[in-house]
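Structure record follows, encoded as structure tokens.
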Number of protein chains: 4
Amino acid sequence: MEVYSEKQLGILFVAERLFADKGFHGTSVRDIAQEADVNIAMISYYFGSKEKLLEAVFRYRMNASRSFIQELVQNDTMGPMEKLYALIDRFVNKLLNEQNFQCIMNREQMNRDQSPVKDLIWDLKVEMMGLIQPIVTKAQEDGTFYKDVDVVLLMSTLFGTIHQVMPAKSFIRSEPEFAHMPEDEFREYLKIRVSAYLKKLFKAILTHEF
Amino acid sequence: MEVYSEKQLGILFVAERLFADKGFHGTSVRDIAQEADVNIAMISYYFGSKEKLLEAVFRYRMNASRSFIQELVQNDTMGPMEKLYALIDRFVNKLLNEQNFQCIMNREQMNRDQSPVKDLIWDLKVEMMGLIQPIVTKAQEDGTFYKDVDVVLLMSTLFGTIHQVMPAKSFIRSEPEFAHMPEDEFREYLKIRVSAYLKKLFKAILTHEF
Amino acid sequence: MEVYSEKQLGILFVAERLFADKGFHGTSVRDIAQEADVNIAMISYYFGSKEKLLEAVFRYRMNASRSFIQELVQNDTMGPMEKLYALIDRFVNKLLNEQNFQCIMNREQMNRDQSPVKDLIWDLKVEMMGLIQPIVTKAQEDGTFYKDVDVVLLMSTLFGTIHQVMPAKSFIRSEPEFAHMPEDEFREYLKIRVSAYLKKLFKAILTHEF
Amino acid sequence: MEVYSEKQLGILFVAERLFADKGFHGTSVRDIAQEADVNIAMISYYFGSKEKLLEAVFRYRMNASRSFIQELVQNDTMGPMEKLYALIDRFVNKLLNEQNFQCIMNREQMNRDQSPVKDLIWDLKVEMMGLIQPIVTKAQEDGTFYKDVDVVLLMSTLFGTIHQVMPAKSFIRSEPEFAHMPEDEFREYLKIRVSAYLKKLFKAILTHEF
DNA sequence: GATGAATGAGGATTCATTCAT
DNA sequence: GATGAATGAATCCTCATTCAT
């Protein structure tokens, strides 16, 4: 659990944004150094290499991701649907707040060749499935959820829909009613809309209620 | 509607695969030329530039995409749910058959700066929404579908889930039952599984039936 | 004394213009082929190579240059000053009519390394000096011209001034009185002006009369 | 007024020589880097690009050119003919000392399409004419110089003759009396000869005296 | 710890030319 | 005779990284 100086964090955030905007290979260390207003050599100096910098971005964001589900899962006062609702809320909130990072992860998970970053992504996925699956399975066993539900694909729907929201954002924004809404407000509006939509979807498919 | 020679098509397909595997900027024209077994200069000679080559890949795949919905939409013997089922089947089939291209499109749609390719993607999206929305809207008006359904997000679910299937593929494959299944067979299995899952999802959310 | 087909002449003229505009190395055979509206391969096919094409341009223009002094020199009815006047007229006329070629020759004569083209230029210079010098020398011997005149430098003045007129053209044209004069007319005006100026110069330096 | 390091100056001078010898397009950055004994990347690193390097050569030489006339012009103790004599001396000296640069300038001024370098040349020309013309005009008004003299063409003669001397150099050198003269000595001899010739020319045309 | 200079490998593209037809 | 396709060398430039200070 590395601790970064302010300067290092500056590089990290700039890198995250540029990697999101133009892709890893589309971004040069020069670009990053310039926008972060540091010497080019600093990037290799601080992070070892461009690739290690990407890895650092991942570790930085993932450490936050990791904990936030675990605490949820261990809470035993909530019913399974409540837990899923909370999960959806958190995911929607997190992914829309971390659009740049999600964008990078989205891209990197598609790369064919193995890499430290892909390993990190894989680990996170396994971990997440390991936490969520029991919630559903347990609820299926005690009859709260229907049995014939494809949990793996349901997760794909969860992530896929949220990820798709980002490219679809400009599409939704083109509707006249959002023309003059400020970006922040629009993002909050989106969070609510997406969250409500996903909850409905999950409830329908898992409980046949509406 | 350009017509390509066999050699040009060879370049096109190799480029598609490499762009999918390593991203546009992660792929060099040298890589493409080498794998396609042509002289480096041929790529500029045939397509003008690396970027134009990407564009050519897009136009090539998109021309096919374009027509296949239109004919579906104009068929008036099917009910709206039938139409959506057919749509899901086609999309699942198409996207899983064109994984490489979908992978590229997935990446490119995330780029911040405008480009001819992004314009093509945007146009396709607008066009698709323009064709699908009427089906749902009409069914909502005559009471076949429920009214309070977020069609835009439903499309995000459709595309997002299918796109997410690709990264999730290796996840699903890691289950012991698929360990020795040949790739082709596994893909067909996936098509069926994803298709069935999505149909169920759509039916649940649009009609509350199961 | 090669004879060229119409197509070959077309290439020759286009090449002359482009070599003048952008230099030999700054002009690609593609440019020439495109502007001359012929297949790229034709240039090598007709002329052997790009360099041979330049040579062809030189030979073509120089053959014309060669004869026009000789006939003048052999005319014995004119006095020496008359001969020089006629020479000036012809040179001014020729150089301003063949601006493109003169431009190329100007450039090529400055190249350090030897080349067939430089040899051609050298030969022409030697030849011209061989023809002009006797006129002056003879007139100096019979007292018509002053003796202490640097004939070599006088020739440099003749060529140098005319060559310099081309770059200076746009300078002169920027004067308001020529703003709306058509190019052809302006060129004729220039010829007269330059010719008169040079004659005056020669007369002054050679005879001290005005 | 950029200040260059020794290494940068090395590149500058090598570039100047090679551009003079083989033209801008005929010289590759590889050639320059090799002769200047620096890494190829240094040229872009220091000057931005090949074109910017040419521009740097121009700015470097022109800054020197600029000042040396102004101080002359403002000197009020000299008569107009003295001023012109001093001007001729300086020009001959300068141009023959900076043969490489003059060669480049000669070539570049002939290019058809506009470029930063052509702008620099144009500015210099305008500036020079602006300084020289008043000397002549003033002398014409007070009757020292004859009125019907074409000042613009006289400048063309000045520059043209000097420029023409360079190509003519090898021509003059071929005379037997200079066969064994060392290069430096020959250049000094030339300066004197050209300078004397031009002064005589100017005096003759402007004052009709000898 | 921090940096400007320097490097060599590799980027995409264009070049003049040749080949098969 | 004439041509479109094809080629490999060379173009300028940028890359991520390292070095000396």
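Below, chain A is the first sequence line, B the second, and so on; all start at residue 1.
Straight-line distance from the CD atom of C:Gln34 to the C1' atom of E:dC15: 15 Å, rounded to whole Å. Atom-to-atom, CG of C:Asp37 to C1' of F:dA2 comes out at 14 Å; the value is rounded to the nearest Å. Atom pair A:Leu53:CG and F:dC15:C1' shows a separation of 16 Å (rounding to whole Å applied). Distance, B:Ile32 CD1 to E:dA12 P: 8 Å, rounded to whole Å. When the P atom of F:dC19 is taken as reference, atom CD1 of A:Ile43 falls 18 Å away, rounded to whole Å. Atom CZ in C:Phe47 sits about 16 Å away from atom C1' in E:dA16, given to the nearest Å. Between the C1' atom of E:dA5 and the CD atom of D:Glu6 lies a distance of 15 Å, rounded to the nearest Å. Note: OH (D:Tyr4) to P (E:dA5) measures 14 Å, nearest angstrom.
The two atoms that bring A:Ala20 and A:Ile104 nearest to each other are N-CG1, 3.7 Å, heavy atoms only. Heavy atoms only, all atoms of each residue included: A:Lys50 and A:Phe19 are closest at CE-CE2, 4.3 Å.
The side-chain heavy atoms of A:Asp31 and A:Lys22, taken from C-beta on, include a pair separated by under 4.5 Å. Contact check for C:Leu54 versus C:Glu108: side-chain heavy atoms found under the 4.5 Å cut-off. Contact check for A:Ile40 versus A:Val29: side-chain heavy atoms found under the 4.5 Å cut-off. At least one side-chain heavy atom of C:Glu35 sits under 4.5 Å from a side-chain heavy atom of C:Arg17.
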In dot-bracket, 5' to 3', how would DNA chain F read with Watson-Crick or G-U wobble pairs under 3.5 Å, [ ] for crossing ones and | for pairs to another strand?
.||||||||||||||||||||
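Shown are A:Leu95, A:Ile121, A:Leu120; of these, the side chain to side chain contact (heavy atoms under 4.5 Å, CB included) with A:Met105 is made only by A:Ile121.
With 3.5 Å as the limit, one finds no donor-acceptor pair spanning the side chains of D:Arg61 and D:Asn100.
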I'd like a table of atom pairs between the protein and nucleotides 7-11 of chain E - only N or O on both sides, under 3.5 Å - with the distance next to each one.
residue, atom, partner, partner atom, Å
E:dG8, OP2, D:Asn39, ND2, 3.2
E:dG8, N7, D:Asn39, OD1, 3.2
E:dG8, N7, D:Asn39, ND2, 3.4

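Between A:Phe13 and A:Tyr4, the distance from one ring center to the other does not fall under 6.0 angstrom. Checked against a 6.0 Å centroid threshold, the rings of B:Phe58 and B:Phe101 count as neighbours.
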Please lay out, stage by stage, how C:Asp37 and C:Gln34 fare under the test side-chain hydrogen bond (donor to acceptor under 3.5 Å, both in side chains).
CA-CA 5 Å; C:Asp37 198 33; C:Gln34 190 172 341; over 6 Å; no
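Of the residues in residues 15-26 of chain A, not one places a heavy atom less than 4.0 Å from an atom of DNA chain E.
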